[in-house]
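Numbering of ligands and ligand atoms starts at 1, following listing order.
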Amino acid sequence: MILQDEAAAARLGAALAQAAKPGDVITLSGPLGVGKTALARGVIAALGHDGEVPSPSFSIVQPYEDLDPPVWHVDLYRIENPSEIEELGLDSAADAILLVEWPERAGAGIWPDALRLSLEFGQNGDRNLTAQVPPAWVGRWPPR
Ligand SMILES: Nc1ncnc2c1ncn2[C@@H]1O[C@H](COP(=O)(O)OP(=O)(O)OP(=O)(O)O)[C@@H](O)[C@H]1O
Ligand SMILES: [Mg+2]
C-alpha cells in the first residue's frame, strides 16, 4: 500500500482506529523517520484526542487513557535489552490498543497476535506499507 504523504498516513490511522479493538497490538516497523509516529498519530487523533501526540522516543510509553478504547503509544527505540520490556508495565494495557514503534527491540515471540505493519521509503517522498496479518485481523485488514 502506498502512503502518498502524511495526510494519507493520518487517513489510514483513522481507518485503523475504527477497526481496532481493546487488547489489539499493532506494531510499526521501519527505519528512522519513515512515518511510524505519523500513523500512530492518525489512530490517536481519530479516537478523539485533540492535543499533541509527541513521539514517545524518550518517555517510551505514552498512555492515552481518556480515549475509548484507551491507546498506549510505545516507542522501544531506546530499549537495549528485551528484559527491560517487563518494567514498562505493558500488561496493564490489556484493555487498550497498543501501538508499538521499534517492536524488534522487544525480541521475537512477544505479541504473537499483533498486526505487524512495516513502512519503507518510496521513490518520490512517499512511503510503502506492508502488513503481516495474523488470524485475529483477517477481515479487518486492509481497514476501510
Ligand atoms: N506517508 C508519509 N509520506 C511522506 N512523509 C511522511 C509520511 N509519514 C510521515 N512523513 C514525514 O516523515 C517524517 C518522520 O515521520 P515520523 O516521525 O512519523 O517517523 P518515525 O518512523 O516515527 O521516526 P522514528 O523512527 O524517529 O520514531 C515527518 O517529517 C513526517 O512528516
Ligand atoms: Mg516515531
Worksheet item: Does one hydrophobic cluster hold both Leu3 and Leu117, with members joined at side-chain heavy-atom distances below 4.5 Å?
Response: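 Shared cluster, yes.
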Write out the residue and atom name of the closest protein heavy atom to [atom], then the distance separating them to 0.1 Å.
{"atom": "atom 13 (C) of ligand 1", "answer": "Gly33 O, 3.7 Å"}
{"atom": "atom 12 (O) of ligand 1", "answer": "Arg127 NH2, 3.0 Å"}
{"atom": "atom 17 (O) of ligand 1", "answer": "Thr37 CB, 3.9 Å"}
{"atom": "atom 21 (O) of ligand 1", "answer": "Lys36 NZ, 2.7 Å"}
{"atom": "atom 27 (O) of ligand 1", "answer": "Glu101 OE1, 3.1 Å"}

Fill in: the Mg ion (ligand 2) - name of the N/O/S atom of Glu101 that sits closest to it
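Among the N, O or S atoms of Glu101, the one closest to the Mg ion (ligand 2) is OE1.
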Mind listing the closest non-hydrogen atom pair of [X] and [Y] along with its distance?
{"X": "Trp72", "Y": "Leu88", "value": "CZ3-O, 4.5 Å"}
{"X": "Tyr64", "Y": "Glu52", "value": "OH-O, 4.1 Å"}
{"X": "Leu76", "Y": "Arg105", "value": "O-CG, 3.1 Å"}
{"X": "Arg116", "Y": "Ile110", "value": "NH2-O, 3.1 Å"}
{"X": "Gln132", "Y": "Pro134", "value": "O-CD, 3.5 Å"}
{"X": "Leu119", "Y": "Arg127", "value": "CD2-CB, 4.2 Å"}

Item to complete: Considering only NZ, NE, NH1 and NH2 on the basic side and carboxylate oxygens on the acidic side, decide whether Asp24 and Arg140 come within less than 4.0 Å.
Response: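 Answer for the salt bridge query: yes.
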Which atoms of ligand 1 are found less than 4.0 Å from any heavy atom of [X]?
{"X": "Ala38", "value": "8 (N), 9 (C), 18 (O)"}
{"X": "Gly125", "value": "3 (N), 4 (C)"}
{"X": "Gly35", "value": "8 (N), 9 (C), 15 (O), 16 (P), 18 (O), 19 (O), 20 (P), 21 (O)"}
{"X": "Asp5", "value": "1 (N), 2 (C), 3 (N), 4 (C)"}
{"X": "Leu3", "value": "1 (N), 3 (N)"}

Worksheet item: With no hydrogens and no angle check, is any side-chain donor or acceptor of Asn124 less than 3.5 Å from a backbone partner on Asp126?
Response: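 Not a single qualifying donor-acceptor pair exists.
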Fill in: Check: Gln18 side chain, Ala15 main-chain N or O, donor-acceptor pair, under 3.5 Å
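Looks like no, no N/O pair under 3.5 Å.
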Practice prompt. May I ask whether atom 29 (O) of ligand 1 is less than 4.0 Å from at least one protein heavy atom?
Written response: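 When distances to the protein are checked, atom 29 (O) of ligand 1 has no heavy atom within 4.0 Å.
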Discussion item. I'd like to know if the Mg ion (ligand 2) has an N/O/S atom from Ser55 within less than 2.8 Å of it, counting both backbone and side-chain atoms.
Written reply: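 So Ser55 does not count as coordinating the Mg ion (ligand 2).
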Discussion item. Just checking: Asp75, one of its N/O/S atoms, less than 2.8 Å away from the Mg ion (ligand 2), yes or no?
Written reply: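 Under 2.8 Å: Asp75 has no N, O or S contact with the Mg ion (ligand 2).
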Worksheet item: Looking only at heavy atoms, is any part of Arg41 under 4.0 Å from ligand 1, and if so is it the side chain, the backbone, or both, or is it neither?
Response: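 Neither part.
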Worksheet item: So which bit of Trp102 gets within less than 4.0 Å of ligand 1, heavy atoms only: side chain, backbone, both or neither?
Response: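 The side chain, only.
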Discussion item. I want to confirm something. Looking only at heavy atoms, which of Leu32, Asp75, Asn124 is nearest to atom 26 (O) of ligand 1?
Written reply: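 Going through Leu32, Asp75, Asn124 one by one, Leu32 has the nearest heavy atom to atom 26 (O) of ligand 1.
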Worksheet item: Below 3.5 angstrom, do we get any N/O pair linking Glu6 and ligand 1?
Response: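 Such a contact does occur with ligand 1.
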Item to complete: With side chain to side chain contact (heavy atoms under 4.5 Å, CB included) as the test, would you mind laying out the steps for Glu104 and Ser29 before giving the verdict?
Response: CA-CA 8 Å; Glu104 300 79 10; Ser29 296; 2.6 Å; yes
